[in-house]
Every structure is written in C-alpha cells, then in structure tokens.
2 protein chains.
Amino acid sequence: MDGFVSIVREKAEGKGGYEGVVAYLREQLLSGELKTGDCLLPERELSARLGVSRQVLREALRALAMIGAVEIRHGVGTIVSRPDVSTLGEFFTFALAQQSEVIDDIMEARIAIEHHAIRLACRRAGQADFDRLAERLYDIVETIHDPEAGGHADFRFHEALVQAGGSPTLISLYSSIASLMMRSHLDRREQIIQVEGITEFLIDHHRKIFEAIVARDAGVADELLTRHFEIGADFRRRAGFRSAAANLRSSASETNIIQGEQNADRDR
Amino acid sequence: MDGFVSIVREKAEGKGGYEGVVAYLREQLLSGELKTGDCLLPERELSARLGVSRQVLREALRALAMIGAVEIRHGVGTIVSRPDVSTLGEFFTFALAQQSEVIDDIMEARIAIEHHAIRLACRRAGQADFDRLAERLYDIVETIHDPEAGGHADFRFHEALVQAGGSPTLISLYSSIASLMMRSHLDRREQIIQVEGITEFLIDHHRKIFEAIVARDAGVADELLTRHFEIGADFRRRAGFRSAAANLRSSASETNIIQGEQNADRDR
DNA sequence: ATCTAACCGTGGTATGACCACTGGTATCAT
DNA sequence: ATGATACCAGTGGTCATACCACGGTTAGAT
C-alpha cells in the first residue's frame, strides 16, 4: 500500500459492496437475463467481476437464498430458482414469532383463503383434484383416532381443497401459514378428539364438503365451510376453558402457551 | 479463557456452520429470549460463542436481515426487529420476476382476503375504521378523473376496508401483494377510466360498499364486493381487447374467468 | 459552557488459505 | 464389454487475519 491508491473504481456507478451486489443480481433477475434454472458464475469469478470480495458476494447470495431467489448447492454451484412457499413459511415464522396474538389471528387468513379456494374449486377442479380430495378424505377416516396423524390428515384434506382451487397464489399463501396453523392446532386436536361423537362429525362434515365440490355447488360448499370453521372454533374455545365436553380423563389443560403479556403494540 | 478448549459442544449435536447459526437465532427468536429491539452481541463475540467464523455469522445475519428478522446498522450493532411487509414486497419482487402469469392470479388472493375482511369488518369495525373509509371514499371522488391518483385512491379504499377487518394477518398478506396488484392494475386504469359513466359507477359502488359496512350488513357487503370484482374483471378483460364499450350495466355477463384448463396436478 | 477532535467499539470489506462435497473421468477387475 | 472403483477438478463452505468506515462517546481546546 504505497502512496498510490485509485486504481480500480469500476463499481463506482452507484452502490458498491453488498448492496450493490444485491442490486445487480436483482436487476439481472428482473430483466430476465437470469432465468430459473440458470447457473451463476462460480463465486470466485463472479466476485472478481463485480469487484467485491468473495465474502461479500457470499453474503448477498445467502440473503437471496433466504428468500428463495437462488439455490446454493455445495459442490455444484448457485442456480437461479423461483421463490417458493417454503420461503414464505420461513418468513412468517420469524414475522410472527414476536407477536403471539397473531397466532390465533392466522385462522382468519386460513378462512379467507379456503373460502375463496373452495369457490374456485367448484368451478375449476378436475379429476385429479377429486381424486386427491377423496384420498385425503380416506386418510381422515383412517387416522380418526390418532390425534397427531388425524390432525395431519385433516390439514392435508384442506390443503387439497385449496389446491383444487387452482390458484398458485392462494396455494402459496396457504402453505406459508401452514406451519403456523400446525403450531396452534395440532395440540388442541388431542382435546377435541375426545369429545363424544366428534369423530363421526369430522368424517361426515369433510365428506359433505367433498361432495359439494364434486357437485360443483359453490353455495353449499361455502356454507359448509363456514359451519366447519364455526364449529371448529367453538370446539377449540370450549377446549380452551375447560376440558371441553364431558370426560377428559386428564385435565391436561396446561394453560396453552399464551404467556403473551408483553404486548408491545408498535404501530407505525 | 486460557488454554482450555471445551467449546465444540453446541454445534456438535446437530448442524454446524451457517445452518446452525440460523437455527440458533431462530430458536432464540421463537423462544422469546430475543425480542424486538434487543441488540445482539457484537459479531466477533457472537461468532466466537457459536464456534463459527465471523464470516459465517455474517452470512446468517445478512440472510435474516433480508427477511427483516434483524436490522444491521453500521457502527451500531445488530438489533432484532419484526419483519414488516416491505420485506415481503422484496420477496414478491423476486418471485414474480420469473412467473409473470402469477400477476393475474394475484387477483384471487386479493378477492379472498377482501371478502373475508369485509365480513370481519361488518362485525368488528369501529368509528376509526368508518372515518378512514369515509376519508378514502372522499379521495376516490376527488381523484376520479386522474388515472394515477384515482387508482391509488381506489387501492387506499380497499386497503382501509381490509384494515377495518381488524385481522393483522389479513392486513399483512394484503400489503404483501399490494405492490404486485399495483403493477398490473394501475396502467389499466387509464383505459378503464375512459368508459362512459364509469366514474359514476366507481364512486357509487364504493359508496355502497362503505354503507354496507357501516350498516354491518355482511351479506350485502359481500354481495357488493363480489359484483365489484366481477365488473372490474370484466372491464379489465374488455380493456385488454379494445377500449371497452359503453354500456357497463349490460349484463356483467357470467363468463367468469374459468380458463381452468391446465389445472394440472402439481403435487410434490 | 460549547465546540472540536480524538478515540473506541461496531459493522464492512479484503485476502488467502484450506476443507468438504459433487460430478465426471480414468482406471481396474471381472 | 461391463461394471465397480479410484481419482481428480471444480464448486461451495469455512476459517483466520488484517484493515477500512461509520457512530457514539469522551477528553480536550476554546
């Protein structure tokens, strides 16, 4: 490092460093020069071209990988990929981690999505969708006595329902909040399942929904779904207070998470 | 901290390196040990504690910063922050880069959200929500002849509608897709606005929606919204061909989108 | 008391080296 | 010829160290 400095200043056109790299890659992606499946240059070479260190480039790539814009594969390379839902799931996990009250609110999103999806499904669903729904319905019946598997089957049915709607966006959003729904509902299933006659109700109600979709009767399907959620909410509410219906062998109430006291309320 | 080694323990159990760091921080966030506003340890120290190099730690922090989980401030430190919607905007920017067909589909998400939100609004909305809606409605009237400002006012009204629903999740999702909706609708506004009598229709229809919410009549509100979207879609479709025609009330025609042909089976 | 400047801690970047994984190729045994 | 094995080159993954740039604090000068 003698007196002379200067030399390379090529990246001077705006921002340099991390920001610049992200901006550059975003540009490449939006302009279409980089499309899904393309393989980026090796880190060493790319970093050299952009005039940044490899570390900075890696930071940018990691960041992009976090939102799913690229996929970094050890020993292979970095390939452009389309952000998919799993990414959004990650986001929501972090986003909602700190606002516990939202966990309950996530149900509103689920209802909104499923309601519209079921209407779409009544118009668009094809045989493949019917088959999948039937399959998931069968799973519900099979696993009706197993809280964990049953809850999973239940979710899978509703997932198939949304899928039948044929809207990629709805499917994406639904998948995004799926992990969070699991978080608060899977456990309650254990309590709900104990209610007398609930098993028959669950099976019967899901079947009716399925049949309404097959019949392409949006009105009935929508109405059924409304009741489905209302009843579900009712059960969950009751399960929250005390041991739901009659005989819960163990008052495992255990004060669900909650603990949310530090409700900051930071609006902007 | 002299000759003793120890260390090794933490990362030995599961993943080490980048993945481990992200997992660790996620755990800290989800468990509540780190809450919004908290300041993380300096990079050098934190990296030492986690048994990774500073570079790896930085990659993890950059990734988390990309989704808004933390905010890195030069010369200050890294502070925990709650991901807000602007982050999702970034995500969708990348997401839509490669799949342009989703832009149309985004409308389905909007419909789903607004439909449920308006029902919630009819139950939950308070005076503040009414005031905001009224204000936005006024803006629509004011800017009715300006395509750009008018489109913006239109959006703001619907935004207030969702807000009135009082569901943070719905609001977040709606904001997330807002930028994408703008992208495809603002321009069409220029064509739509030319249709004879459209201005009166827009004003009148929005006002009716507003009144339905104030009246807390979910059924009417929902029905109005349905027609609102159908007519809007109809206009946009026609505007696609040519500059739409005159008679708007000429049977909003059922001809709903449908197009459901490629309802393929994308399972995973 | 106020302003200025130096200082220190923080993140930001650069370099070079080495490790670990993947995929293809060459080699070998059958 | 065929199959399995060993090898090798290229790629991402990690590490360590040094230095730069920014922000807030503090000691000094005015």
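Just so we're on the same page: letters track the sequence lines, and every chain starts at 1. Note that the structure is predicted; figures quoted are calculated from it, not measured.
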K.L.:
Looking at dG11(C), I'd like to know if its phosphate oxygens (OP1 or OP2) sit under 4.0 Å from a side-chain N or O belonging to Thr78(B).
P.N.:
yes

K.L.:
Name the closest nucleotide to the Pro42(A) side chain, picking from dT10(C), dA14(C), dG12(D).
P.N.:
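The nucleotide sitting nearest to the side chain is dG12(D).
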
K.L.:
Can you say whether the rings of Tyr174(B) and Phe155(B) are parallel (under 30°), tilted (30 to 60°) or perpendicular (over 60°)?
P.N.:
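Aromatic pair Tyr174(B)/Phe155(B) classed parallel.
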
K.L.:
For Ile72(A) and dA20(C), give me the distance from atom CD1 to atom P, rounded to whole Å.
P.N.:
19 Å

K.L.:
Side chain of His74(A), heavy atoms from C-beta onward: which of dT14(D), dG12(D), dC19(D) has the nearest atom to it?
P.N.:
dG12(D)

K.L.:
Using atom CD of Glu71(A) as one end and atom C1' of dG12(D) as the other, report the distance to the nearest whole Å.
P.N.:
13 Å

K.L.:
Could you check Gly75(A) against Arg44(A) and say which one's nearest nucleotide on DNA chain C is further toward the 5' end?
P.N.:
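Taking each residue's closest nucleotide, the earlier one in sequence belongs to Arg44(A).
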
K.L.:
Would you say that more than 12 heavy atoms from the other residues, nucleotides or ligands in this model lie under 6.0 Å from the CZ of Arg124(B), or not?
P.N.:
yes

K.L.:
Counting only side-chain heavy atoms from C-beta out, which of dG12(D), dT13(C), dT14(D) sits nearest to Ser53(B)?
P.N.:
dT14(D)

K.L.:
Give a yes or no on whether a donor-acceptor pair under 3.5 Å exists between the nucleobase atoms of dG12(C), that is its base, and the side chain of Arg54(B).
P.N.:
yes

K.L.:
Of the nucleotides dT13(C), dG23(C), dT14(D), which has the atom closest to the Glu59(B) side chain?
P.N.:
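The nucleotide sitting nearest to the side chain is dT14(D).
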
K.L.:
Heavy atoms from C-beta onward define the side chain here; which of dG12(D), dT14(D), dA14(C) lies closest to that of Gln55(A)?
P.N.:
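Of the candidates, dA14(C) comes closest.
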
K.L.:
From OH of Tyr18(B) over to P of dT14(D), roughly how many Å is that when rounded to an integer?
P.N.:
10 Å

K.L.:
What is the distance, rounded to the nearest whole Å, between atom CZ of Arg62(A) and atom C1' of dG13(D)?
P.N.:
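In whole Å, dG13(D) C1' and Arg62(A) CZ are 7 Å from each other.
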
K.L.:
Nearest-Å distance, CG (Leu61(B)) to C1' (dG12(C))?
P.N.:
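So the two atoms are 13 Å apart, to the nearest Å.
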
K.L.:
Have a look at Arg58(B) and say if it touches a base, only the backbone sugar-phosphate, or nothing, with a 4.0 Å heavy-atom cut-off.
P.N.:
base

K.L.:
Using whole Å, what does the distance between atom P of nucleotide dC22(D) and atom CD of Glu19(A) come to?
P.N.:
14 Å

K.L.:
Atom CD of Glu43(A) and atom P of dC21(C): how far apart are they, to the nearest Å?
P.N.:
16 Å

K.L.:
Rounded to whole angstrom units, what separation is found between the CG atom of Leu46(B) and the P atom of dT10(C)?
P.N.:
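Distance check: Leu46(B) CG to dT10(C) P gives 12 Å.
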
K.L.:
Relative to the 5' end of DNA chain D, which residue comes earlier, Leu40(A) or Arg73(B), by the nucleotide with the nearest heavy atom?
P.N.:
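Its nearest nucleotide lies further toward 5', so the answer is Leu40(A).
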
K.L.:
In this structure, which one of Arg136(A), Arg132(A), Arg110(A) forms a salt bridge (Lys or Arg N to Asp or Glu O under 4.0 Å) with Glu159(A)?
P.N.:
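The single option meeting the salt bridge (Lys or Arg N to Asp or Glu O under 4.0 Å) with Glu159(A) is Arg136(A).
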
K.L.:
Between His116(B) and His115(A), how do the two ring planes meet: parallel, tilted or perpendicular, split at 30° and 60°?
P.N.:
parallel

K.L.:
For the atom pair CG (Leu46(A)) and OH (Tyr24(A)), what is the distance rounded to the nearest 0.5 Å?
P.N.:
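Reported to 0.5 Å precision, the distance equals 6.5 Å.
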
